[in-house]
Amino acid sequence: MIISVLNASITDIECDAIVVNLFQGVAAPGGATGAVDRALDGLLSRLIREEGFEGKPGQTLMVHTQGRLLAARVVLTGLGEPEKLDLDTVRRASAAALRRARDARARRVATIVHGAGAGGMAPARAAQATVEGAVLGTYEFLKYKSEPQLRQIEELLVAEMDASRLPSVEAGVSRGDVVSRAVNLARDLVNSPANEITPSALALLATRMASETGLEALVLERPEAERLGMGCYLAVARGSQETPKFITLRYRPEGKPSGRVGIIGKGVTFDSGGLSLKTAESMVTMKDDMSGAAAVLAAMQAVAELRPDREVLAIVPAVENMPSGSAMRPGDVVRAMNGKTIEIENTDAEGRLTLADALCYAAREGCEELIDLATLTGACVWALGRVYSGVMSNNQELVERLTECSRLSGDRIWQLPLSEDYRYLIESQVADMKNTGGREGGAITAALLLSEFTEGRPWAHIDIAGPAFLSQDNGVIEKGASGAGVRLLIEYLCGEPAA
Ligand code: BES
Ligand code: MN
Ligand code: ZN
């Protein structure tokens with residue numbers, strides 16, 4: 001989708017459809033919607049009255065202009081109650097409108113910025129959310145469909161009448177474009193099957209991204225990982241025919257960096273469970289077990305474009321978890337880079353093994369702050385469902401900052417306690433700890449294991465197992481891979497869109 005900003009009234013744009021909005025409980029449309037209504041001789045207000053259009057979020061109404069405007073159609077989209085307006089509603093309204101226009105075969109669509117009217121939100125944020133809703137809402141994964149898809153919006157024009165607002169709207173639109181392309185990259189990677197997205201494929205993608213963007217890629221092969229003592233990560237790789245790839249991507253700002261953050265993504269390209277084999281049913285979506293990796297790599301694409309002033313080191317310990325004659329066994333004891341030992345009780349608790357070494361590596365590389373994203377536990381899905389990711393951390397201030405970024409970005413996170421009171425559950429008879437703590441509090445015991453490898457750094461673990469892969473459309477993101485965590489990471493690393 002090609003996106004641009006136009007200093008014009010929405011009524012003066014020639015295109016297949018224009019998008020305007022309506023708050024719930026408003027009978028007479030004002031602003032841009034009022035202008036469109038007048039151009040159509042009151043048709044919109046008449047339809048609002050007579051067709052029961054209430055302006056609820058997600059609700060849309062489409063009319064043909066019959067030549068009374070340069071645009072062929074008008075899509076009216078609901079903004080909900082004015083007091084409840086937030087960035088998520090804007091994304092939802094924009095997504096619903098663009099889907100409606102697309103389904104009517106529109107190719108060139110113009111929209112106003114939703115939610116930035118009098119007393120509304122900051123124009124840059126509202127513009128960003130409008131674009132995110134449009135691009136994320138019309139995403140379709142068609143790579144493996146042999147019939148070409150005809151319906152696709154090619155061009156989005158964001159109309160802003162007020163010239164004084166143009167710089168902010170342009171900044172927001174441009175940020176929305178960068179962010180939603182990154183989110184959709186992550187979705188493509190996760191939706192793609194595990195026979196295509198192998199550890200080697202992820203390594204190739206990272207290397208390619210580096211050469212295209214100026215990031216630095218470094219992929220550690222098995223012998224190098226052995227030399228570094230990454231016994232936990234390598235144990236997971238043992239059962240698979242796929243070669244493990246310990247992938248790193250580094251962004252260096254110009255001048256002296258104002259800090260160094262490590263972002264680590266779980267990259268299990270397929271999780272069969274290993275010898276502790278999953279059931280057929282629970283294995284079906286396990287191509288999504290590299291969602292953390294996809295989020296981290298996609299965020300790096302955006303970081304390369306937005307150029308924040310902190311150094312960012314992205315780490316993806318990519319492996320496939322398979323059963324075979326060479327696979328790790330329950331009862332095996334493995335040793336991580338920092339010398340700590342883990343008894344493997346269940347080979348299906350593999351993510352924490354790969355992350356243990358990745359966290360050690362990040363700390364050794366001088367990262368002052370660590371954030372990991374992982375589809376780590378079914379327990380987190382049971383606790384929070386598919387809406388919120390769980391966040392567990394050794395640093396409350398980091399959680400507060402991430403929570404604020406969560407609110408702005410729409411990637412929801414909810415804190416669970418990282419309490420030592422659960423530590424007894426991962427005590428091992430033979431090693432420093434064991435890799436499972438039973439069903440109860442499973443998200444927390446997994447995080448407690450990870451905390452043993454953070455080397456005293458401020459660290460936050462985000463368990464995205466629920467939101468990473470949706471079983472139902474949520475009004476912006478269709479069923480399937482969601483790109484969970486990408487928006488949060490970009491917001492955290494790059495901050496406000498600057499005009
Ligand atoms: N990848 C899974 C977690 C998962 C479950 C992600 C459902 C997405 C949806 C992880 O590797 C796993 O298998 N965890 C086990 C741990 C258990 C054996 C302690 C789990 O949660 O069942
Ligand atoms: Mn597993
Ligand atoms: Zn897994």
Side-chain angles (χ1 to χ4, degrees), residues 1-10 12-21 32 70-75 77 87 90-116 121-140 149 151-163 165-188 213 298-299 301-307 408-410 476-478 483 486-487 490-491 494 496-499:
M1 199 185 290
I2 298 165
I3 309 169
S4 49
V5 180
L6 227 56
N7 186 195
S9 160
I10 192 82
D12 296 337
I13 301 174
E14 187 177 348
C15 59
D16 301 318
I18 54 173
V19 179
V20 289
N21 62 43
L70 289 170
R73 303 170 189 84
V74 175
V75 178
T77 189
L87 292 166
V90 170
R91 289 185 193 97
R92 193 145 165 231
S94 188
L98 271 279
R99 285 173 177 187
R100 186 73 190 264
R102 175 194 61 193
D103 295 346
R105 302 279 189 274
R107 291 178 170 277
R108 188 175 140 92
V109 177
T111 184
I112 58 166
V113 173
H114 302 300
M121 38 192 80
R125 288 289 185 187
Q128 181 185 346
T130 301
V131 169
E132 287 173 357
V135 180
L136 301 178
T138 52
Y139 170 90
E140 288 178 295
Q149 197 70 18
R151 27 163 242 172
Q152 217 190 79
I153 291 171
E154 282 157 8
E155 205 180 344
L156 179 67
L157 307 161
V158 180
E160 176 54 58
M161 270 222 293
D162 184 347
R165 282 182 166 209
L166 268 186
S168 325
V169 169
E170 269 161 3
V173 165
S174 150
R175 174 64 68 92
D177 178 35
V178 173
V179 168
S180 38
R181 274 189 289 111
V183 174
N184 285 351
L185 166 64
R187 293 164 87 183
D188 277 345
T213 59
Q301 177 183 283
V303 163
E305 291 184 59
L306 298 171
R307 310 205 60 81
L408 290 163
S409 67
V476 176
I477 307 287
E478 70 162 7
V486 178
R487 286 183 274 163
I490 300 172
E491 182 65 46
C494 305
E496 289 275 318

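With a 4.5 Å cut-off on side-chain heavy atoms, Leu408 and Leu87 count as touching. Using a 4.5 Å heavy-atom cutoff, the side chains of Cys15 and Val109 are not in contact. Val486 places none of its side-chain heavy atoms less than 4.5 Å from the side chain of Val179. Between Thr213 and Glu305, every side-chain heavy-atom pair lies at or beyond the 4.5 Å cut-off.
Although no hydrogens or angles enter the test, the distance criterion places no donor-acceptor pair under 3.5 Å between the side chain of Ser94 and the main chain of Val90. Side chain of Arg73 to backbone of Asp16: a donor-acceptor contact under 3.5 angstrom is found. Arg99 contributes a side-chain N or O that, together with a main-chain N or O of Val476, makes up a donor-acceptor pair within less than 3.5 Å.
Interatomic distance, Arg108 CZ to Leu156 CG, rounded to the nearest 0.5 Å: 10.5 Å. Distance check: Leu157 CG to Ile13 CD1 gives 6.0 Å after rounding to the nearest 0.5 Å. The line from CG of Asp188 to OH of Tyr139 is 3.5 Å long, rounded to the nearest 0.5 Å. The CD1 atom of Ile18 sits 9.0 Å away from the CG atom of Leu70 when rounded to the nearest 0.5 Å. Annotation: the span from Glu154 atom CD to Arg102 atom CZ amounts to 13.5 Å, rounded to 0.5 Å. Atoms CG and CD1, on Asp177 and Ile3 in that order, are 4.0 Å from each other to the nearest 0.5 Å.
Closest heavy-atom contact between Ser180 and Val135: OG-CB, 3.5 Å. Counting all heavy atoms, side chain and backbone alike, Ala97 lies closest to Val19 at CB-CG1, 3.4 Å. Nearest heavy atom pair, residue Pro123 against residue Ala116, reads CA-CB, 4.1 Å. Ala171 and Pro497 make their closest contact through O-CB, 4.0 Å (heavy atoms, listed as atom of the first residue, atom of the second, distance). Residues Ala127 and Val113 approach most closely at N-CG1, 3.5 Å, considering heavy atoms. The shortest heavy-atom contact between Met161 and Asn7 is O-ND2, 3.0 Å.
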Residues Val178, Ile490; criterion side chain to side chain contact (heavy atoms under 4.5 Å, CB included); working and verdict: CA-CA 10 Å; Val178 173; Ile490 300 172; 5.6 Å; no
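Counting heavy atoms of neighbouring residues, nucleotides and ligands inside a 6.0 Å radius, atom CD of Glu14 does not exceed 12 of them. Within a 6.0 Å sphere centred on CD of Gln152, heavy atoms belonging to other residues, nucleotides or ligands number 12 at most.
Glu160 pairs with exactly one of Leu166, Leu6, Val173 by the side chain to side chain contact (heavy atoms under 4.5 Å, CB included) rule, that one being Leu166. Residue His114 forms a side chain to side chain donor-acceptor pair (under 3.5 Å) with just one option from Thr130, Asn21, Thr77, and that option is Asn21.
Donor-acceptor pairing under 3.5 Å is lacking for the side chains of Asn184 and Arg181.
Residue pairs that meet the salt bridge (charged side-chain N to carboxylate O under 4.0 Å, His left out) test with at least one member in residues 125-136, sequence neighbours left out, are Arg91-Glu132, Arg125-Glu491, Arg125-Glu496.
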